[in-house]
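Below: one structure, written as structure tokens.
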There are 2 protein chains.
Amino acid sequence: MITLYIIDDHPLVAGGIYMMLKDVNYIHICGTARNGKEAMEFLETNEPDIILLDISLPDTDGLQLCEQIRQKNKQSKILGLTSANDASIITQMLHRGANGYLLKNMERDELLEAIDRVLNGKIFLSKSANEKVLEQYASVNSALEDKPALTRREKEILDLLNEGLKGPAMAEKLFLSPYTVETHRKNLMQKLNASSTQQLLKTAREKGLL
Amino acid sequence: MITLYIIDDHPLVAGGIYMMLKDVNYIHICGTARNGKEAMEFLETNEPDIILLDISLPDTDGLQLCEQIRQKNKQSKILGLTSANDASIITQMLHRGANGYLLKNMERDELLEAIDRVLNGKIFLSKSANEKVLEQYASVNSALEDKPALTRREKEILDLLNEGLKGPAMAEKLFLSPYTVETHRKNLMQKLNASSTQQLLKTAREKGLL
DNA sequence: TATAAACTACCTGAATTCAGGTAGAGATAA
DNA sequence: TTATCTCTACCTGAATTCAGGTAGTTTATA
């Protein structure tokens with residue numbers, strides 16, 4: 001018997017999920033909560049197999065709540081629930097311990113598949129959520145066309161900057177003068193139009209140079 | 001009639017794909033190449049609808065070739081082909097202009113679906129490739145457990161550091177003294193055990209704080 | 001009310017970065 | 001051989017960061 005807990009401030013959602021699962025005899029809805037406080041109280045003494053977590057709750061940030069649940073509860077599989085579809089939120093949820101992500105317009109089949117996959121240790125995203133995540137990579141395609149040409153040495157310095165090394169440490173590592181390292185860093189800044197190292201690294205990441 | 005071009009150094013692969021598609025009357029295999037040089041020569045005067053690109057070629061780096069093809073050829077849909085399954089390669093291929101990614105152990109159905117989806121403007125990854133990409137997010141789950149507690153202000157400063165702002169600019173933006181900003185940055189460095197801002201940002205990213 | 005954490009602000013001095021240059025040597029292609 | 005690009009190295013001076021502290025005020029909680 002799989003236990004499932006629903007955290008959502010809209011009774012409609014809990015009701016809809018109940019209707020979807022009422023004749024699935026291996027899944028038991030063991031409770032619902034309307035806000036984070038209520039949820040954490042329940043989870044103090046219970047460990048459901050599946051937690052459906054609305055990421056837009058009235059009293060708390062869904063990302064934070066996900067993290068809190070994960071820290072207290074290592075076993076449950078957390079499925080994020082939302083009406084919106086934002087790659088950044090999705091990936092942050094995964095970072096913070098969620099095992100999957102569903103849209104509230106899901107069909108019954110999708111919910112059952114999600115439950116099955118996460119219980120089998122996989123990550124499940126709804127189709128459109130999955131597309132959003134992938135698009136974030138492809139969305140920098142247009143950046144390719146004006147990618148500046150870096151020299152071999154410049155790439156080397158960029159990588160070391162990205163590792164967090166300071167000028168003198170890089171110079172020592174590469175058997176160069178600190179002045180030389182500084183010159184390469186300056187050239188990089190000019191090529192990527194940056195006025196600080198942080199900006200340089202940020203731009204380089206955006207352009208797929210790192 | 002959809003034209004498809006195969007770039008792979010193994011005749012087995014081209015042959016296998018030919019067998020898969022020989023009775024698909026809307027797809028025409030317009031050629032094959034065994035290395036990057038040969039491929040670029042063909043693509044100088046041809047623009048197939050689909051390009052299947054082996055990422056391990058004898059004469060060139062598949063990622064670079066992907067990029068070169070994309071820069072010369074805006075319309076074709078590029079599907080990466082590989083025997084291995086590495087999230088980093090996958091995402092880099094997408095960065096560099098690929099529209100999808102297939103494993104060489106694909107079934108005919110999967111190849112047809114991939115072709116269909118990329119021609120419809122979607123990104124297609126084989127199931128296991130897709131899992132690899134998602135796992136890279138979840139793979140930092142374990143970092144959650146020793147995540148340092150940052151104050152609200154510290155998070156704010158961290159975000160601004162990540163945007164590339166310098167101390168005085170942050171102070172101005174937040175209506176604080178530069179000394180105050182510097183103190184928060186120092187506290188962050190201590191909490192994350194860093195001795196430069198670059199290190200701080202790197203560690204913060206690794207721990208999912210950014 | 002008392003306490004602790006967070007926030008704010010400051011100091012000194014050293015190290016590093018940033019900005020604007022200069023210039024010679026080595027490697028490569030025409 | 002010449003021209004060009006890359007690499008190496010240097011200078012000055014200003015700005016910023018880093019490192020080690022100090023201390024008062026505000027906020028939230030018990």
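Values below: all heavy atoms of this structure, side chains included; hydrogens, waters and symmetry mates excluded. Lettering follows sequence order; numbering is per chain, from 1.
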Item checked: Sub-4.0 Å heavy-atom contacts from residues 175-189 of chain B onto DNA chain C, ordered by number -> B/Leu176, B/Ser177, B/Tyr179, B/Thr180, B/Thr183, B/His184
Margin query: Distance alone, cut at 3.5 Å: any donor-acceptor contact between the side chains of A/Asn35 and A/Asp9?
Written below: no
Check: Taking five pairs at each end of the helix from C/dT1-D/dA30 to C/dA30-D/dT1, what angle separates the two helix axes (nearest 10°)?
Finding: 50°
Checklist line | Main-chain N/O of A/His10 paired to A/Asp8 side chain as donor or acceptor, under 3.5 Å | finding: yes
Checklist line | Check ion pair A/Lys122-A/Asp116 (N to O, under 4.0 angstrom) | finding: no
Margin query: With a strict under 4.0 Å distance from non-hydrogen atoms of chain A, what nucleotide opens and what nucleotide closes the contacted stretch of DNA chain C, reading 5' to 3'?
Written below: C/dT16 to C/dG21
Next item on the list: Kindly write out the residues that satisfy salt bridge (Lys or Arg N to Asp or Glu O under 4.0 Å) with A/Lys127, not counting sequence neighbours, or none if the list is empty.
Entry: none
Note to self: Go through it in stages, so that I can follow the logic: the residues are B/Lys202 and A/Asn162, the test is side-chain contact (heavy atoms from CB on, under 4.5 Å), and I'd like the CA-CA distance, side-chain angles, deciding distance and then a yes or no.
What the structure shows: CA-CA 8 Å; B/Lys202 185 173 190 287; A/Asn162 193 40; 5.6 Å; no
Margin query: What's the separation between atom CG in A/Asn187 and atom CD1 in A/Ile157, rounded to the nearest 0.5 Å?
Written below: 10.0 Å
Margin query: side-chain contact (heavy atoms from CB on, under 4.5 Å), that's the test. Do A/Leu192 and A/Lys207 meet it? Break it down for me.
Written below: CA-CA 9 Å; A/Leu192 296 194; A/Lys207 285 183 185 287; 4.3 Å; yes
Next item on the list: Ignoring hydrogens and angles, tell me if any N or O in the side chain of B/Asn99 forms a donor-acceptor pair with the backbone of B/Ile78 under 3.5 Å.
Entry: yes
Checklist line | Side chains of A/Thr203 and A/Gln199, donor plus acceptor under 3.5 Å | finding: no
Margin query: Please check: side-chain N/O of A/Arg70 versus main-chain N/O of A/Lys74, any donor-acceptor pairing under 3.5 Å?
Written below: yes
Note to self: Tell me which residues in residues 160-172 of chain A lie within less than 4.0 Å of DNA chain C, going by non-hydrogen atoms.
What the structure shows: A/Lys166, A/Gly167, A/Pro168
Next item on the list: With DNA chain C as reference, determine whether B/Thr151 or B/Gln198 sits nearer its 5' end, using the nearest nucleotide of each.
Entry: B/Thr151
Check: What do the steps show when you test B/Glu44 against B/Lys72 for side-chain contact (heavy atoms from CB on, under 4.5 Å), and what is the final call?
Finding: CA-CA 8 Å; B/Glu44 199 72 47; B/Lys72 182 177 294 291; 3.6 Å; yes
Check: Taking only residues two or more places apart in sequence, or in another chain, which ones meet B/Lys173 in a salt bridge (Lys or Arg N to Asp or Glu O under 4.0 Å)?
Finding: none
Next item on the list: Give the rounded distance in Å between these two atoms: NZ of A/Lys191 and C1' of D/dC7.
Entry: 12 Å
Next item on the list: Could you tell me whether a side-chain N or O of B/Lys77 sits under 3.5 Å from a main-chain N or O of B/Ile51, the two making a donor and an acceptor?
Entry: no
